[in-house]
Enquirer: 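I am attaching a structure below and will ask some questions about it afterwards.
Note on naming: letters A, B, ... go to the chains in the order of the sequence lines (proteins, then strands), and numbering restarts at 1 for each one.
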There are 2 protein chains.
Amino acid sequence: MPSSAAPLRPRRRDFDETRVRILGAARNLVAERGPESLSIAEVARRAGIDRTTAYKHFRTRDDLVGAVMGSLGDEIGTMLERPMGFGDLIDHMARFFIEHPEIGRLTLHHLLAENPFPRAGWDRFVGQLERLANSSRSQEHIDAEALGHIMMAIAVLWPIQLRALEGDIEPAAAAERLAREIKRLLLFGVLRPESWPDLVDSIAGERSE
Amino acid sequence: MPSSAAPLRPRRRDFDETRVRILGAARNLVAERGPESLSIAEVARRAGIDRTTAYKHFRTRDDLVGAVMGSLGDEIGTMLERPMGFGDLIDHMARFFIEHPEIGRLTLHHLLAENPFPRAGWDRFVGQLERLANSSRSQEHIDAEALGHIMMAIAVLWPIQLRALEGDIEPAAAAERLAREIKRLLLFGVLRPESWPDLVDSIAGERSE
DNA sequence: CGTAAAGTCAACATAACTGTTGATTTTCTT
DNA sequence: AAGAAAATCAACAGTTATGTTGACTTTACG
């Protein structure tokens with residue numbers, strides 16, 4: 001046999017690796033400045049390659065933007081799909097977004113572009129919360145979808161707010177603080193209900209839908 | 001007297017109003033696409049004025065971006081400074097961000113640009129929460145600053161997530177749902193603590209700092 | 001050592017935006 | 001009707017980006 005079965009494709013100067021480098025630079029740029037202001041020229045500069053090389057991997061600017069945003073879906077999906085206990089999920093989300101702020105930034109840009117979360121991952125996530133909400137281990141009348149929005153909002157935005165307010169942060173400590181506050185909130189809330197009869201009344205009334 | 005006291009400045013074709021129109025168009029554009037991709041050319045097109053007119057109001061693109069972001073600080077400050085009860089504050093925030101999604105979007109872009117909230121407004125807001133946290137009407141060990149981040153994250157991001165998932169929404173209903181879920185969360189949390197001994201343990205241990 | 005893939009380089013045509021300038025027109029006040 | 005502020009218009013020079021093309025160089029496999 002002239003060419004063996006396994007490595008059918010010879011890779012002279014690893015085409016795929018170059019593609020990955022381009023995507024990486026592009027992802028950082030989108031995370032920093034948003035998809036609208038991504039330019040292939042700048043990406044090539046950052047990746048340290050020639051502009052025309054980039055064009056051999058992505059025919060247009062929009063292709064590149066699409067590839068970046070697509071990879072985001074995978075990443076968030078992977079994070080959410082790992083099956084585990086609820087406490088672990090919170091720890092995991094907190095660590096994930098603190099350690100990968102660029103993914104949180106990408107997510108925000110994604111939402112700002114009026115795109116919903118990738119359906120599959122989001123549905124799985126909300127499904128998990130729904131099971132929790134219907135179990136005897138949670139309070140009554142929990143709106144699972146709303147809870148999903150809330151958890152996502154906190155997880156994605158907190159690291160960015162923190163960085164904006166305090167500059168560089170110590171990841172491990174920040175992740176712990178974030179996870180702790182989410183847990184405290186979910187377990188006990190913030191207010192003593194007996195001191196807020198009006199508030200309690202105002203949500204006790206009707207079912208939401 | 002040739003020129004009387006009160007209206008010293010004659011306004012032929014209301015300079016100030018034109019400025020406001022420019023700022024409005026610019027704000028919408030920044031809210032949509034982010035500060036990086038604001039162009040004076042596009043702003044002028046949207047405001048229905050000549051490009052050079054815009055340059056008479058704002059010498060450079062960056063001046064315009066600065067003016068837009070500056071106005072954001074005022075707006076959020078005004079919203080937060082209105083003194084009132086906690087329940088009203090939640091209702092007010094929910095309504096505000098549902099009814100003015102562009103301000104939420106601006107806020108996100110502001111945070112993504114690594115800028116902290118305008119100090120004055122933010123400090124007042126956190127101060128309010130701190131007083132609450134130290135009162136007997138709240139649970140113990142509440143981290144007021146963390147709570148501020150959380151509330152802001154929810155209020156700003158929820159409307160955007162909702163729009164992304166469901167397209168157009170009915171503002172009044174959406175605001176009510178948002179306020180209700182925040183209140184429920186703050187009052188009761190989500191989980192029944194007695195069913196989550198591990199979680200309770202994991203946050204009971206040390207003080208955060 | 002030859003060959004082909006992977007990448008570089010220089011150049012070109014288009015397009016959009018930035019600021020700036022000077023002449024002109026519109027609009028309002030007095 | 002005069003005069004001046006506010007706005008328009010046309011033009012210019014400079015920058016940066018988009019895609020595309022063809023010739024060239026580097027790298028590594030067999």
Side-chain angles (χ1 to χ4, degrees), chain A residues 1-69 109, chain B residues 1-69 109:
Chain A
M1 304 162 195
S3 55
S4 87
L8 199 63
R9 232 153 264 103
R11 280 186 202 137
R12 299 309 156 107
R13 224 152 142 187
D14 215 333
F15 190 78
D16 291 359
E17 200 206 283
T18 304
R19 185 193 170 87
V20 168
R21 289 187 49 196
I22 295 172
L23 266 175
R27 159 177 294 201
N28 288 337
L29 259 171
V30 173
E32 281 172 34
R33 307 190 198 163
E36 326 271 348
S37 33
L38 183 77
S39 88
I40 290 194
E42 176 77 14
V43 167
R45 241 172 276 135
R46 288 233 195 159
I49 62 168
D50 191 82
R51 199 164 67 83
T52 58
T53 303
Y55 276 103
K56 277 166 187 156
H57 289 261
F58 301 92
R59 298 196 55 235
T60 72
R61 198 200 78 103
D62 285 351
D63 282 2
L64 182 51
V65 172
V68 168
M69 288 322 207
H109 283 299
Chain B
M1 301 161 196
S3 54
S4 86
L8 199 63
R9 232 153 267 104
R11 281 186 203 135
R12 299 308 154 106
R13 221 150 140 188
D14 214 334
F15 190 79
D16 291 358
E17 200 206 284
T18 304
R19 184 193 171 88
V20 169
R21 289 187 50 195
I22 295 172
L23 266 175
R27 157 177 294 200
N28 289 336
L29 259 172
V30 174
E32 281 172 34
R33 306 191 199 164
E36 328 270 350
S37 33
L38 183 77
S39 87
I40 290 196
E42 175 77 15
V43 167
R45 242 172 277 134
R46 288 233 194 158
I49 62 168
D50 190 83
R51 200 164 66 83
T52 58
T53 303
Y55 276 103
K56 277 166 189 155
H57 290 261
F58 301 93
R59 296 197 55 237
T60 70
R61 198 201 77 105
D62 285 351
D63 282 3
L64 182 51
V65 172
V68 167
M69 289 321 207
H109 284 300

Enquirer: Nearest heavy-atom pair of B:H109 and B:A31: which atoms, and what distance?
Expert: NE2-O, 3.3 Å
Enquirer: For A:R51 and D:dA17, what is the distance between atoms CZ and C1' respectively, to the nearest whole Å?
Expert: 8 Å
Enquirer: List in numerical order all residues of residues 55-65 of chain B for which some heavy atom is under 4.0 Å away from an atom belonging to DNA chain D.
Expert: B:K56, B:H57
Enquirer: Do you know the tightest heavy-atom contact between B:V30 and B:P35?
Expert: CG1-N, 3.7 Å
Enquirer: Kindly determine whether A:E32 and B:E36 satisfy side-chain contact (heavy atoms from CB on, under 4.5 Å), including the steps that lead there.
Expert: CA-CA 10 Å; A:E32 281 172 34; B:E36 328 270 350; over 6 Å; no
Enquirer: Are B:T52 and D:dT8 close enough that a side-chain N or O sits under 4.0 Å from OP1 or OP2?
Expert: no
Enquirer: Return the value, rounded to whole Å, for the distance between atom CG of A:D14 and atom P of C:dG7.
Expert: 8 Å
Enquirer: Nearest 0.5 Å, please: how far is CG in A:L38 from CG in A:N28?
Expert: 11.0 Å
Enquirer: Name every donor-acceptor pair, under 3.5 Å, that has one atom in a side chain of residues 17-26 of chain A and the other anywhere in the protein, sequence neighbours excluded.
Expert:
from, atom 1, to, atom 2, distance (Å)
A:T18, OG1, A:D14, O, 3.2
A:R21, NH2, A:A47, O, 2.4

Enquirer: Can you tell me which residue pairs pass the ring-ring contact (aromatic ring centres under 6.0 Å, His included) test with a partner in residues 22-57 of chain A, sequence neighbours excluded?
Expert: A:F15-A:H57
Enquirer: With sequence neighbours left out, write down each residue that passes side chain to side chain contact (heavy atoms under 4.5 Å, CB included) with A:E42, or none if nothing qualifies.
Expert: A:L29, A:R33, A:S39, A:R45, A:R46
Enquirer: Can you pull out the residues from residues 18-41 of chain B that lie within a 4.0 Å heavy-atom distance of DNA chain D?
Expert: B:T18
Enquirer: Can you measure B:D50 atom CG to C:dG22 atom C1' for me and round it to whole angstrom units?
Expert: 14 Å
Enquirer: Which pairs pass ring-ring contact (aromatic ring centres under 6.0 Å, His included) with one or both residues in residues 16-44 of chain B, sequence neighbours excluded?
Expert: none
Enquirer: Does anything in residues 42-49 of chain B reach DNA chain C, meaning a heavy atom under 4.0 Å, and if so which residues?
Expert: B:R45
Enquirer: Under the salt bridge (charged side-chain N to carboxylate O under 4.0 Å, His left out) definition, can you give me all pairs with a residue in residues 50-66 of chain B, not counting sequence neighbours?
Expert: none
